[in-house]
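Position 1 is the first residue of the sequence; numbering continues from there.
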Amino acid sequence: MPELNSTLLLEVALDLANSITNEDRFDRLLSSIRKAINCEAVVLLVNRGEQLTPLATQGLAPDTLGRRFKLSDHPRLALICAATQPVRFPSDSPLADPYDGLLLAKDGDLPVHSCMGLPLYSDNNLIGVVTLDSLRPNAFNDISDRTLQLISALSAATLKTAIQLKALEQRAQQAQDLLQELTHEALTRDGGELIGNSPSMQALKSEIQLVARSDYTVLVLGETGVGKELVARTLHRCSERSNHPLIHLNCASIPETLAESELFGHAKGAFSGAEKERPGKFQLADGGTIFLDEVGELPLSVQGKLLRVLQSGEIQPVGKDQVSMVNVRVIAATNRDLAEEVKVGRFRADLYHRLSVYPIRIPSLKERNNDILLLAGYFLEVTARKLGVRQLKIRPDVENALLEYTWPGNVRELEHVISRASLKATRHAQQQDIISISLADLDFETGLAQPPQLKPKEALATHLKEQIPLKSLTEDFQRQHISDALVVHDGNWTNAAKQLGMDRANLARLAKRLGVSLEKHIKQQTRFL
């Protein structure tokens with residue numbers, strides 16, 4: 001019987017190193033064992049407490065892999081599990097063989113044969129066994145203990161590696177499942193829908209649809225409360241990365257000392273309190289999207305490292321020398337004027353230009369007057385479900401109050417106003433009632449005890465008699481708005497059209513009808529110089 005020499009050991013090690021899956025790794029192990037020990041069957045089984053489960057077999061019927069061997073039913077396997085050294089059974093052992101009738105080289109019951117078992121230990125814990133069967137009696141008697149020890153050690157190492165890899169795969173899958181669940185929750189939170197039919201919202205939706213299909217970095221601009229996070233979620237959902245993670249990081253909420261670690265991760269012991277290695281938000285977002293809310297709050301010390309990610313996709317965790325690559329789309333948002341921040345030295349110019357590859361401006365609520373009641377209806381429905389009431393509605397005078405208010409807090413303020421008013425309106429109502437919100441229930445965030453006072457009908461009638469026709473008022477407003485846009489954009493009709501949420505050709509036709517021309521715009525500018 002040949003010894004397990006160094007050449008065979010090297011061959012076994014190379015085979016195992018080149019294997020890809022656990023199944024392949026196990027099959028190579030059993031083939032290597034049969035090269036060292038001539039036998040008709042060899043099986044690798046993992047310990048599951050009170051039973052052994054086959055992981056790989058050679059020489060036995062295919063259905064063996066589906067069997068589960070309870071130790072209480074199989075005395076030979078029980079003896080192997082109770083041992084600390086290889087167990088050689090006598091050829092005439094009266095103990096039933098667990099593979100009786102399963103050996104491919106022999107039909108029917110096994111005759112007198114050789115059987116041997118190797119218990120596999122890791123850190124003094126039994127993790128599995130290897131069994132060998134030969135139709136030749138006493139076939140294993142002359143194998144040295146050294147050979148069996150080497151085979152046991154090699155088998156135990158292979159099985160331990162496989163168990164650890166499987167555990168890592170399961171943890172990674174669990175982490176991925178959790179990440180996808182959190183991403184789905186983030187995408188569907190607060191409805192996840194951009195509500196509004198105003199021209200400015202229609203233009204916004206068109207821009208989102210256009211840029212979402214690309215991998216462009218997007219800078220979302222707008223006042224506080226306009227819904228920048230919702231726009232970021234919509235961009236991700238409409239992109240080709242929608243099945244991958246969406247990671248949200250509020251840059252204003254992290255201390256300057258931890259900003260780099262939050263973004264790029266850290267190694268164990270990288271700083272005080274870093275008790276274990278931790279991935280950063282960019283690593284978690286790999287393959288998907290990261291939303292950097294309030295990006296203008298990032299400290300200058302971190303902005304350069306963020307620029308590196310945008311330029312090359314490279315990240316370097318705190319405390320590590322090596323860099324790694326990530327594939328992440330960046331969506332950033334701010335209510336600051338980043339161009340002004342660049343001028344005063346609080347924001348890097350190169351980072352600003354990298355972030356603003358495709359800027360999207362979200363209109364304020366006062367620019368979306370037509371959408372106020374639509375949004376109010378949405379928030380009424382959501383609030384009714386939260387409060388468990390049958391129906392919530394607003395009266396006509398409340399509708400007028402909502403339309404006349406200036407909404408400095410934008411959509412978020414509208415949501416809070418509706419929520420507070422709904423709660424007040426339910427004080428003296430039953431859950432099955434249809435509850436109407438009155439003016440007395442409104443409480444605006446600006447500190448106004450009452451909503452804007454509405455004019456009496458008589459005063460309104462007198463006021464309307466003194467006014468010019470509505471068509472003329474509308475045309476004057478449009479004329480002034482177009483002229484203002486041209487002034488802001490130095491006569492550039494394309495940029496002015498984009499500002500007004502219109503197609504350039506449509507703007508040109510409307511301007512021509514209203515008598516607004518580029519020549520008049522230039523004369524108007526000259527008059528004020």
Side-chain angles (χ1 to χ4, degrees), residues 186-205 207-208 220-235 248 250 252 291 293-294 333-336 360-427 429 434-455 501:
L187 289 173
T188 56
R189 187 171 64 246
D190 302 330
E193 178 186 359
L194 286 169
I195 295 176
N197 295 322
S198 62
S200 57
M201 281 302 292
Q202 295 291 357
L204 175 63
K205 291 176 183 179
E207 282 202 277
I208 290 173
V220 183
L221 306 168
E223 299 175 3
T224 299
V226 292
K228 293 188 283 293
E229 182 183 351
L230 179 56
V231 167
R233 297 203 305 261
T234 305
L235 281 165
H248 178 189
N250 188 333
F291 174 46
D293 199 4
E294 303 297 347
T334 182
N335 58 6
R336 289 191 176 194
I360 291 181
R361 178 186 170 275
I362 306 177
S364 62
L365 190 53
K366 61 178 175 284
E367 299 174 69
R368 305 170 50 190
N369 196 264
N370 296 345
D371 296 333
I372 291 175
L373 296 184
L374 293 182
L375 289 163
Y378 173 77
F379 292 133
L380 284 168
E381 186 67 20
V382 171
T383 306
R385 290 199 300 269
K386 288 180 179 178
L387 297 178
V389 299
R390 175 186 169 192
Q391 185 68 279
L392 284 169
K393 58 182 293 187
I394 53 178
R395 297 173 181 174
D397 54 352
V398 174
E399 292 181 0
N400 292 332
L402 297 177
L403 292 171
E404 288 200 2
Y405 186 57
T406 56
W407 300 110
N410 291 293
V411 179
R412 186 182 298 131
E413 183 182 4
L414 174 60
E415 178 184 8
H416 294 167
V417 166
I418 294 296
S419 298
R420 289 196 300 271
S422 300
L423 186 60
K424 291 178 181 179
T426 59
R427 283 178 295 192
I434 297 177
I435 301 170
S436 294
I437 295 174
S438 66
L439 280 174
D441 298 320
L442 289 183
D443 177 17
F444 291 91
E445 292 183 2
T446 53
L448 295 176
Q450 295 293 332
Q453 295 296 313
L454 302 181
K455 298 177 181 178

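When side chains are defined from C-beta on, Arg390 counts as touching Ile434, because their heavy atoms get closer than 4.5 Å. With contacts defined as side-chain heavy-atom distances shorter than 4.5 Å, the pair Glu294/Asn335 qualifies. The shortest distance between side-chain heavy atoms of Leu194 and Leu230 falls below 4.5 Å.
Closest approach of Leu380 to Ser422, counting heavy atoms only: CD2-OG, 3.9 Å. The minimum heavy-atom distance linking Glu413 with Tyr405 is given by the pair OE2-OH, 2.7 Å. The minimum heavy-atom distance linking Ile195 with Met201 is given by the pair O-CE, 4.0 Å. For the residue pair Asp441 and Ala425, the shortest heavy atom distance occurs at OD2-CB, 3.6 Å. Phe444 and Ala401 get closest at one heavy-atom pair: CZ-O, 4.4 Å. What you find for Leu442 and Val398 is that their closest heavy atoms are CD1-CG1, 3.9 Å.
Distance alone, capped at 3.5 Å, places no donor-acceptor pair between the Lys228 side chain and the Asp293 backbone. Between the side chain of Asp371 and the backbone N or O of Ser198 there is at least one donor-acceptor pair closer than 3.5 Å. Side chain of Trp407 to main chain of Arg412: no donor-acceptor pair is present (N/O by atom type, distance under 3.5 Å, no hydrogens or angles). Of the possible donor and acceptor atoms, none in the side chain of Lys205 sits under 3.5 Å from a partner among the backbone N and O of Ser200.
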Item to check | Stepwise side-chain contact (heavy atoms from CB on, under 4.5 Å) test for Leu387 and Leu423 | outcome: CA-CA 8 Å; Leu387 297 178; Leu423 186 60; 4.0 Å; yes

Item to check | Derivation of the side-chain contact (heavy atoms from CB on, under 4.5 Å) call for Val231 and Ile208 | outcome: CA-CA 8 Å; Val231 167; Ile208 290 173; 3.9 Å; yes

Next on the checklist: Is there a side-chain contact (heavy atoms from CB on, under 4.5 Å) between Phe379 and Val417? Walk through the geometry before answering.
Outcome noted: CA-CA 10 Å; Phe379 292 133; Val417 166; over 6 Å; no

Item to check | side-chain contact (heavy atoms from CB on, under 4.5 Å) between Leu365 and Val226, worked out | outcome: CA-CA 7 Å; Leu365 190 53; Val226 292; over 6 Å; no

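Each of Glu223, Arg368, Glu367, Lys366 was scored for a side-chain hydrogen bond (donor to acceptor under 3.5 Å, both in side chains) with Asn410, with one residue passing: Glu223.
With salt bridges taken as basic N to acidic carboxylate O contacts below 4.0 Å, none links Glu399 and Arg395.
Taking CD1 of Ile418 as the start and CD of Glu381 as the end, the distance is 12.5 Å to the nearest 0.5 Å. In this structure, the separation between CG on Asp397 and CG on Leu439 is 4.0 Å, given to the nearest 0.5 Å.
Shown here are the salt bridge (Lys or Arg N to Asp or Glu O under 4.0 Å) partners of Arg336, two or more places apart in sequence or in another chain: Glu297, Glu341.
Between the side chains of Glu415 and Tyr378, not a single donor N or O lies within less than 3.5 Å of an accepting N or O.
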